[in-house]
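In what follows, every chain begins at residue 1, and chains take the letters A, B, ... in the order their sequences are listed. Note that these values count all heavy atoms, side chains included, but never hydrogens, waters or copies made by symmetry.
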Number of protein chains: 2
Amino acid sequence: MKRRPTIMDVAARAGVSKSTVSLVLQGSPQVKPATRSAVQDAMAEIGYVYNRAAANLRSASVGLVGLVINDLRNPFFTEFATTLQMTLAAQGYATVIANSDEDPTLQAKLVASMIEHGVTALVISPAYGEASDTFDALARRAIPVLQVLRKGDERTGIFPFASFDYAGGSAAATRHLVDQGARNIAFVGGLPGRAITRERKSGWREVLKEQGIAEIALHGKSSRAFGMQAAETLLADHPKVDAAVCFNDLVALGLMTGFARAGRPIGQGFPIVGFDDIEEAAQSWPPLSSVACDIAGFARETADRLLAWMVEGQRPEPEIRSPVRLVARASSLGVGP
Amino acid sequence: MKRRPTIMDVAARAGVSKSTVSLVLQGSPQVKPATRSAVQDAMAEIGYVYNRAAANLRSASVGLVGLVINDLRNPFFTEFATTLQMTLAAQGYATVIANSDEDPTLQAKLVASMIEHGVTALVISPAYGEASDTFDALARRAIPVLQVLRKGDERTGIFPFASFDYAGGSAAATRHLVDQGARNIAFVGGLPGRAITRERKSGWREVLKEQGIAEIALHGKSSRAFGMQAAETLLADHPKVDAAVCFNDLVALGLMTGFARAGRPIGQGFPIVGFDDIEEAAQSWPPLSSVACDIAGFARETADRLLAWMVEGQRPEPEIRSPVRLVARASSLGVGP
DNA sequence: CTTAGCTATTGGATCGTTCCAATTCTAGTC
DNA sequence: GACTAGAATTGGAACGATCCAATAGCTAAG
């Protein structure tokens, strides 16, 4: 009675065989238009819904993409995840989004659960930490896996990796600050020892070397709170520092708040540049200069690459870097509030 | 060769029957420990993964929960979604998160896709707009559906609804501003005609009536940008207004930025209170007073309610309101920066 | 009227698991 | 050594779709 209707029920109602119903479901041009609409009416009448699980059992590919993100609360990743999901949805693929919350154990569970549910492909921005088992399991099934935005530990090199040209971005930012007359440019934020910190620092370091400037770097969690704390540290311990490249916008905004609190608003003689160009950057006061990563564009490219891999079996290059763009705003242009 | 191994392969390897393997998978106490470990070894050796789709085909319930959110980019919803997912994950349930992006059409597609994938239950914060078809389909299958945070159109009353006591919260906020000596308290933000705007306004209105204060409300998109715009409007057209209750923190932060830009920092003679108490509220300058909704707690309660419904068939009450808490910070306490 | 050559439809096998009833094993008792 | 109760294991049917080879229906040509 409460049983959910099957194609057999539809077939009985429409007076055809289950095979015909199946053909209609797959949009086969084989079926006569009259038959097709009879079947469709029958489906509507008895409230039939497709049972994808049953279908996949017989016919492999599912059209289900898994997306595992290390920190979904971070707006940067949220934007990426939602855009990717919507792009894939437009192509008829369903996406399962999951947040590993930087926990490799949870991440392993999530990935396992996704494999069990039969994802056809996986996009992952890995949590830091030991995860070789997780990746081994993925490699063993021949599931297309795309690492994005972040590289896991060394062993994950088996899977293609796509991200932004962070080094180029921070170099551009640093050069911009030099152009503004800054001489002692600190690097603020980023946990030490991580690939992304290394990348974002390397561009800054390169320019400093070029200019013969000494390095001052403050590392820590990439949060607003750390930025505020860093402001105090800079003001107290590094009075000569006259500009900063920040690991990301959150740190930069925190830094801005910290300076404002100390009565030394950013932008007047102390230019800073953030990274990521999150929505808030343009809306802070003063507006925050930032290295813009076109996340939405990147998400769309990711979707394209994934589809090319899934559908045409065309594996992407092992490492892809999307260009970034420096957006100069008041926070680095000496235009005070 | 590349075929993914099945329980038959495991059975062959372990020298038992497929039924025994199945029992091991289900953790049945029936199997002899020796047999159990033999089977488990075999699974490890050939890299077996459970095929949930096949299992569900035979035995109904899946342990898959759908979560459809109207705007996943909004940190408020992000926090809810991630906490809910992690809580359910701890209970062994997988969660599919999807973002409808306020688009009823996309929402319908997402819900349909989830039903096809066989979700056992659905949590939805509906997009505004016509969605009766979507909900009819859900009602027809007897899938537990919990509406959260937002009520859809009137027709969705069929499903239980859980949210916060918004009216109580805005009443508390308004009373607090009155206590600070404010007399002309504006309400800023919220799109007109929506249930949530009505609720958040009603508490404010109630207190104004009590105090015999005239109403001034500025409605608009609940964004930082609108808050900035509202600041200009208030300063230009409503010079008498001396405090504001904001629809949410984003608007409040925008308002703060707008006032700062105009050289009239918030907190000095112009107290404001936001709503939601997002992480940023405590970190802005001045720190923003806000009506705190314990989203993480709410998400955990939601998970509990859902589990009670799914597992014990215990349908929640038609309308549940979780209490909120006013967090007074500098933005409403007259403590200037 | 038969038949070839289409197009449209169909029955049966199949996917990987669970469920059930039936069978085999084990050990204890007489 | 036969018997039995319980524990452990097993083979086959079932879930709801797809796929394939086979069949039915139709038209036009011979």
Q) Rounding to a whole Å, what distance do you find between B:M8:CE and C:dT17:P? A) 10 Å
Q: Could you check if a side-chain atom of A:R4 sits within less than 4.5 angstrom of a side-chain atom of A:N51, using non-hydrogen atoms only?
A: yes
Q: Mind checking B:T6 for me? I need base, sugar-phosphate or nothing, with any heavy atom below 4.0 Å counting as a touch.
A: sugar-phosphate
Q.
So, under a plain 3.5 Å distance rule, would you say the side chain of A:R58 forms a donor-acceptor pair with the base of D:dT18?
A. yes
Q: Would you please confirm or rule out a distance under 4.0 Å between OP1 or OP2 of D:dT9 and any side-chain N or O of B:S19?
A: no
Q: Take atom CG of B:N51 and atom P of C:dT18, then tell me their distance rounded to the nearest Å.
A: 10 Å
Q | Candidate list A:L110, A:D101, A:D103, test side chain to side chain contact (heavy atoms under 4.5 Å, CB included), partner B:M86, passing option | A | A:D101
Q) Quick one: is C:dT10 close enough that its OP1 or OP2 comes under 4.0 Å of any side-chain N or O from A:T20? A) yes
Q. Going by heavy atoms in the side chains, are B:I97 and B:Q85 under 4.5 Å from each other?
A. yes
**Q.** Length of the CZ-P vector between A:R52 and C:dG16, whole Å
**A.** 19 Å
Q: Could you tell me whether the side chain of A:F77 reaches within less than 4.5 Å of the side chain of A:S125, counting heavy atoms only?
A: yes
Q. Could you walk me through whether A:Y48 and A:I7 pass the side chain to side chain contact (heavy atoms under 4.5 Å, CB included) check?
A. CA-CA 8 Å; A:Y48 168 80; A:I7 55 166; 3.4 Å; yes
Q. Does a donor on one side chain sit under 3.5 Å from an acceptor on the other, for B:T87 and B:Q91?
A. no
Q. Looking only at N and O atoms, is any donor in the side chain of A:S17 or the base of C:dG11 less than 3.5 Å from an acceptor on the other one?
A. no
Q.
Taking the nucleotide of DNA chain D with the nearest heavy atom to each, does B:L23 or B:A54 sit closer to the 5' end?
A. B:L23
Q) What is the nucleic acid contact for A:V16, judged by heavy atoms within less than 4.0 Å: base, sugar-phosphate only, or nothing? A) sugar-phosphate
Q: Name the nucleic acid region contacted by A:A55, choosing base, sugar-phosphate or nothing; use a 4.0 angstrom heavy-atom cut-off, strictly under.
A: sugar-phosphate
Q. Over how many whole Å does the gap from B:E116 atom CD to D:dG16 atom P extend?
A. 16 Å
Q) When the distance from CG of B:L57 to P of C:dT18 is rounded to whole Å, what number comes out? A) 11 Å
Q.
Going by ring-ring contact (aromatic ring centres under 6.0 Å, His included), name the residues that satisfy it together with B:Y128, two or more places apart in sequence or in a different chain.
A. none
**Q.** For atom CG of B:N56 and atom C1' of D:dA14, their distance in whole Å
**A.** 15 Å
Q. Separation of A:R4 atom CZ from D:dC15 atom C1', in whole Å?
A. 12 Å
Q) Whole-Å distance between D:dG16 C1' and A:K18 NZ? A) 10 Å
Q | Strand-adjacent residues in residues 24-39 of chain B, judged by heavy atoms under 4.0 Å from DNA chain C | A | B:Q26
